[in-house]
Visitor: 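Here's a structure for you.
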Amino acid sequence: MCLFCKIIKGEIPNKTVLEDEQFLAFEDINPQAKIHVLIIPKIHVDSFNEISSELMKDITSFIQKVAATLGVKEKGYRLITNIGQDGGQEVKHIHFHLLAGEQLGALV
Ligand code: 5GP
Ligand code: ZN
């Protein structure tokens with residue numbers, strides 16, 4: 001079982017920000033910004049390459065709720081999903097990084 005599936009099962013503790021039947025948002029263990037939250041589906045999907053458009057639709061609404069819960073919707077935030085080896089994906093369970101709470105440096 002992958003690391004994030006173990007977190008979903010409660011075998012590894014996490015600091016939950018928001019949860020519903022389909023998704024979990026929790027604090028990253030090694031934050032890269034003042035706010036760094038990971039958002040994952042509770043069903044295992046390897047990466048963005050495999051996610052269905054239906055699940056993508058639902059996770060979009062959930063991510064918007066996470067941003068509202070964190071109070072960062074107005075000031076802004078960054079969403080990142082790393083895909084595969086060249087994308088720097090270390091955990092093979094799709095996750096969106098939500099970075100916020102400060103002025104983030106330009107990436108592109
Ligand atoms: P990736 O590099 O795959 O896009 O991101 C994986 C993220 O998972 C990293 O930002 C890393 O800090 C985070 N991470 C790895 N192990 C754990 C853990 O056990 N708990 C939490 N909360 N985050 C983790
Ligand atoms: Zn998994």
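Whatever order the structure lists ligands and atoms in, that order sets their numbers, starting from 1.
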Visitor: Check this for me - ligand 1, Glu90, N or O atoms closer than 3.5 angstrom, yes or no?
Guide: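 Yes; the residue has a nitrogen or oxygen that sits under 3.5 Å from a nitrogen or oxygen of the ligand.
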Visitor: Report yes or no: does a heavy atom of Lys15 sit under 4.0 Å from some atom of ligand 1?
Guide: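 No.
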Visitor: Under the side-chain contact (heavy atoms from CB on, under 4.5 Å) rule, what do Phe96 and Ile80 come out as? Steps first, then yes or no, please.
Guide: CA-CA 5 Å; Phe96 290 86; Ile80 297 171; over 6 Å; no
Visitor: Would you say NZ of Lys42 has more than 12 non-hydrogen atoms from neighbouring residues, nucleotides or ligands within 6.0 angstrom?
Guide: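 For Lys42, atom NZ is crowded (more than 12 foreign heavy atoms under 6.0 Å).
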Visitor: Report, in ascending order of atom number, the atoms of ligand 1 lying under 4.0 Å from any heavy atom of His95.
Guide: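 Those atoms are 1 (P), 3 (O), 4 (O), 5 (O), 6 (C).
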Visitor: Suppose we measure from atom 2 (O) of ligand 1 to each protein heavy atom; which comes out shortest, and what is that distance?
Guide: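 Ranking protein heavy atoms by distance from atom 2 (O) of ligand 1, first comes Gly88 O, 3.2 Å.
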Visitor: Please determine whether the number of non-hydrogen atoms from other residues, nucleotides or ligands lying under 6.0 Å from atom CD of Gln103 exceeds 12.
Guide: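 Open: at most 12 neighbouring heavy atoms sit under 6.0 Å from CD of Gln103.
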Visitor: Determine, stepwise, if the pair Glu102 / Ile35 fulfils side-chain contact (heavy atoms from CB on, under 4.5 Å).
Guide: CA-CA 8 Å; Glu102 61 185 298; Ile35 295 172; over 6 Å; no
Visitor: I would like to know whether Phe26 and Ile40 meet side-chain contact (heavy atoms from CB on, under 4.5 Å); could you show each step before the answer?
Guide: CA-CA 9 Å; Phe26 58 102; Ile40 61 176; 3.6 Å; yes
Visitor: Hey, which atoms in ligand 1 end up nearer than 4.0 Å to a heavy atom of Phe26?
Guide: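 This gives 21 (C), 22 (N) as the contact atoms.
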Visitor: To the nearest 0.5 angstrom, please state how far the CE atom of Met56 sits from the OG1 atom of Thr60.
Guide: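 Going from CE on Met56 over to OG1 on Thr60, the span is 4.5 Å.
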Visitor: Sequence neighbours left out, what pairs pass ring pair (Phe, Tyr, Trp, His ring centres under 6.0 Å) with at least one residue falling in residues 48-78?
Guide: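 Every pair satisfying ring pair (Phe, Tyr, Trp, His ring centres under 6.0 Å) with a residue in residues 48-78: Phe23-Phe62.
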Visitor: Rounded to the nearest 0.5 Å, what separates atom CD1 in Ile8 from atom CD1 in Ile43?
Guide: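 With rounding to 0.5 Å, CD1 (Ile8) is 9.5 Å from CD1 (Ile43).
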Visitor: Just to check, does Leu38 reach to within less than 4.0 Å of ligand 1 when the distance is taken from its heavy atoms?
Guide: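 Yes, Leu38 has heavy atoms under 4.0 Å from ligand 1.
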Visitor: Could you pull out the atom name of the N/O/S atom in His93 that is nearest the Zn ion (ligand 2)?
Guide: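 Result: ND1.
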Visitor: May I ask you to identify, for Leu3, whether its side chain, its backbone, both or neither come under 4.0 Å of ligand 1 on a heavy-atom basis?
Guide: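 Looking at Leu3 and ligand 1, just side chain atoms fall under 4.0 Å.
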Visitor: Could you tell me whether Gln89 and ligand 1 have an N or O pair separated by under 3.5 Å?
Guide: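 By distance alone, the answer is no.
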Visitor: Looking only at heavy atoms of Gln32, does any of them come nearer than 4.0 Å to an atom of ligand 1?
Guide: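 The answer is no, since Gln32 has no heavy atom less than 4.0 Å from ligand 1.
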Visitor: Considering the heavy atoms of Asn30, write down every atom of ligand 1 situated less than 4.0 Å from one of them.
Guide: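 Matching atoms, with element in brackets: 12 (O).
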Visitor: When you compare ligand 1 with Val91, is there at least one nitrogen or oxygen pair between them that comes in under 3.5 angstrom?
Guide: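 Yes - when backbone and side-chain N and O of Val91 are compared with those of ligand 1, one distance drops under 3.5 Å.
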Visitor: Look at atom 23 (N) of ligand 1 and find which of Ile12, Ile7, Ile80, Ile29 reaches it with the closest heavy atom.
Guide: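 Looking at heavy atoms only, the winner is Ile29.
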Visitor: So which N/O/S atom does His44 have closest to the Zn ion (ligand 2)?
Guide: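 The nearest such atom is ND1.
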Visitor: Which residue and non-hydrogen atom of the protein lie closest to atom 22 (N) of ligand 1, and at what distance in Å?
Guide: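 I find the closest protein heavy atom is Glu27 O, 2.9 Å.
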Visitor: With a cut-off of 4.0 Å, which atoms of ligand 1 are near a heavy atom of Phe4?
Guide: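 Answer for ligand 1: 8 (O).
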Visitor: Taking Glu90's backbone N and O only, do any of them form a donor-acceptor pair with Gln85's side chain (distance below 3.5 Å, no angle check)?
Guide: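 Not at all, since once roles are kept as given, no pair shorter than 3.5 Å links the two residues.
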Visitor: Answer yes if the ring centres of His97 and His95 are under 6.0 angstrom apart, and no otherwise.
Guide: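 Yes: the rings meet the under 6.0 Å criterion.
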Visitor: For Lys75, does the NZ atom sit with more than 12 other heavy atoms under 6.0 Å from it, leaving out its own atoms?
Guide: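 Atom NZ in Lys75 is not crowded, with 12 or fewer foreign heavy atoms closer than 6.0 Å.
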Visitor: Among protein heavy atoms, which lies nearest atom 13 (C) of ligand 1, and at what distance?
Guide: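 Protein heavy atom with the smallest distance to atom 13 (C) of ligand 1: Asp28 OD2, 3.4 Å.
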Visitor: Heavy atom under 4.0 Å from ligand 1: found in Phe96's side chain, backbone, both, or neither?
Guide: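 For Phe96, no heavy atom sits under 4.0 Å from ligand 1.
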